[in-house]
Amino acid sequence: MSALCLSIGLPNASDSDQLLNQSCVITLKIKNHPQYGPQNEVKGYGPLQQPMMQQAPQQQAMAAHTPPFNQPGQQAGW
């Protein structure tokens with residue numbers, strides 16, 4: 001339970017209600033139980049990375065950057 005709380009950024013959670021609607025990455029391993037068939041086994045928890053939408057402004061800023069050789073007043077091209 002401690003690893004799960006750490007992965008969602010609530011290391012001091014004191015109530016299971018604090019875990020509701022939180023996101024994290026769970027690593028699973030599928031093991032084949034002889035009697036019951038394939039089953040998931042939790043191998044670890046990790047923080048959810050930022051969604052791509054939050055990274056887009058940085059990428060747009062990089063794309064909007066004009067290289068020094070294309071600055072106004074200079075010849076364009078190679």
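Given the structure is predicted, the values throughout are model-derived calculations rather than measurements.
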- Message: Distance check, rounded to the nearest 0.5 Å: T27 atom OG1 versus Y45 atom OH?
- Response: 10.0 Å
- Measure the spacing between NZ of K31 and NZ of K43 and express it to the nearest 0.5 Å. 8.5 Å
- Identify the heavy atoms of I30 and P38 that sit nearest to each other, and give their distance. CG2-CB, 4.0 Å
- Co-membership, hydrophobic cluster, residues I8 and L28, 4.5 Å side-chain: yes
- Query: Is there a side-chain contact between V42 and I26 (heavy atoms, below 4.5 Å)?
  - Reply: yes
Validation: residues 10-25 side-chain donor-acceptor distances under 3.5 Å, sequence neighbours left out:
{"from": "D15", "atom 1": "OD1", "to": "D17", "atom 2": "N", "distance (Å)": "3.1"}
{"from": "Q18", "atom 1": "OE1", "to": "S14", "atom 2": "N", "distance (Å)": "2.7"}
{"from": "Q18", "atom 1": "OE1", "to": "D15", "atom 2": "N", "distance (Å)": "3.1"}

